[in-house]
Participant: 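Structure provided below as structure tokens; questions to follow.
None of the values given here were measured: they were computed from a predicted structure. FYI, side chains are in, hydrogens and waters are out, and symmetry mates aren't considered; it's all heavy atoms of this structure.
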Amino acid sequence: MSEAPQGAGEAARSPAGHLVPKHRMLALTDGVTAIAMTLLVLDIELPSGLRGAELDRALGEVPSQVGTFLLSALVIALFWRAHHAALESAERIDIRLFWLNITFLALVSLIPFPTSVLQNYGDRTLGPGLYGAVIGTVSLVVYAMEVHAHRLSAAPRRRPVPFPAQALVFLLSIGIAHISPLAAIYSWAAALPLSVLADKAAARRAGPGAGAPPH
């Protein structure tokens, strides 16, 4: 009996419309997010050869550089976690989910740039405005991925996808930045409590016994 070509069995076991294995897409996402987080460190610098007042001034800028780094590092880490949670229920990767993931990766790769702009122009509309636009857009893409992943799942939905409150907060901060850049930055603190409220509201809509999906 002739032996079937290698990979034929895998193709037969793959669900219809499965564009790429989910574990490969998750591995790619892990790599891209790790690189994006690493690139953030490059904005923390202390020029060499400084002395006296120039050195003191440069040292005074380091805490703000570190603070901006920590902000974006946390944001990327949360996006990474949300991405894995969004794809947890997906039993296959179709063409739409594939391109949503590519969009997500492209935007995450872009985060070091608005982080640098925020660090250098945080007191102007450009800094918080650009940062809010990029982070808000990534949040919407993650939301779209989770909604579509639920549609690809054969299992009954335990609960509706929570409203993307964090996307609303960051996108609204674009307008706030035109009035007060500092107020726009402070407004981002509302993302976490509003996201918790949106999560609880989704659980209530699902009814008793429909707790949060395992992450």
Side-chain angles (χ1 to χ4, degrees), residues 14-40 71-112 114-115 131-173 188 190-207 209-215:
S14 297
H18 194 110
L19 191 63
V20 295
K22 186 167 75 171
H23 74 277
R24 296 295 298 274
M25 197 163 78
L26 290 174
L28 175 62
T29 302
D30 292 346
V32 171
T33 52
I35 292 172
M37 193 175 294
T38 303
L39 290 176
L40 295 173
L71 171 64
S72 289
L74 176 62
V75 166
I76 291 177
L78 292 175
F79 277 142
W80 173 81
R81 180 179 180 274
H83 175 276
H84 278 254
L87 292 186
E88 188 172 24
S89 63
E91 298 179 359
R92 60 188 176 89
I93 305 300
D94 66 356
I95 188 67
R96 181 177 298 179
L97 195 54
F98 173 81
W99 284 112
L100 281 171
N101 192 74
I102 294 299
T103 303
F104 170 80
L105 294 180
L107 290 170
V108 167
S109 301
L110 186 65
I111 289 178
T115 300
Y131 195 86
V134 172
I135 302 304
T137 303
V138 180
S139 300
L140 287 179
V141 172
V142 174
Y143 173 73
M145 291 181 69
E146 187 170 6
V147 169
H148 191 61
H150 273 293
R151 293 172 181 168
L152 296 178
S153 175
R157 185 181 301 181
R158 296 181 61 189
R159 53 177 290 172
V161 178
F163 177 78
Q166 68 277 12
L168 179 64
V169 169
F170 278 96
L171 292 176
L172 284 178
S173 73
W188 299 337
L192 182 58
L194 289 179
S195 295
V196 172
L197 290 176
D199 195 65
K200 291 181 178 180
R204 284 197 299 269
R205 292 199 304 270
H215 286 185

Participant: Restricting to non-hydrogen atoms, name the atom on S109 and the atom on A36 that form the minimum distance, rounded to 0.1 Å.
Facilitator: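 Distance-wise, the nearest heavy atoms are CA-CB, 4.4 Å.
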Participant: So, for P112 and L39, which heavy atoms are closest and what is the spacing to 0.1 Å?
Facilitator: CG-CB, 4.0 Å
Participant: Indicate every side-chain donor-acceptor pair of residues 131-145 with a distance under 3.5 Å to a residue at least two apart or in another chain.
Facilitator:
unit_1 : atom_1 : unit_2 : atom_2 : d
Y131   : OH     : S72    : OG     : 2.8
T137   : OG1    : A133   : O      : 2.6
S139   : OG     : I135   : O      : 3.0

Participant: Enter the distance from L26:CG to L87:CG here, rounded to the nearest 0.5 Å.
Facilitator: 5.5 Å
Participant: Please step through side-chain contact (heavy atoms from CB on, under 4.5 Å) for the pair I111 and M37, ending with a clear verdict.
Facilitator: CA-CA 9 Å; I111 289 178; M37 193 175 294; over 6 Å; no
Participant: Measuring only between side-chain heavy atoms, which start at C-beta, is L71 closer than 4.5 Å to W188?
Facilitator: yes
Participant: Please name the pair of heavy atoms, one in E146 and one in P162, separated by the smallest distance, quoted to 0.1 Å.
Facilitator: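 Shortest heavy-atom contact: OE2-CD, 4.5 Å.
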Participant: Tell me, please, which residues at least two apart from I102 pass side-chain contact (heavy atoms from CB on, under 4.5 Å).
Facilitator: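 In terms of side-chain contact (heavy atoms from CB on, under 4.5 Å), with neighbours along the sequence ignored, I102 is linked to F98, W99.
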Participant: Could you check whether any side-chain heavy atom of I76 comes within less than 4.5 Å of a side-chain heavy atom of L40, counting everything from C-beta outward?
Facilitator: yes
Participant: Side chains of T29 and V108: does their closest heavy-atom pair fall under 4.5 Å?
Facilitator: no
Participant: If you round to the nearest 0.5 Å, how far is CG of L168 from CD of Q166?
Facilitator: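 Result: 9.5 Å between the selected atoms.
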Participant: Measure the CG-CG distance between L194 and D199 for me, rounded to the nearest 0.5 Å.
Facilitator: 12.5 Å
Participant: What's the separation between atom CG in L97 and atom CE in M25, rounded to the nearest 0.5 Å?
Facilitator: 4.5 Å
Participant: What pairs with W80 under side chain to side chain donor-acceptor pair (under 3.5 Å), at least two apart in sequence or on another chain?
Facilitator: D30, H84
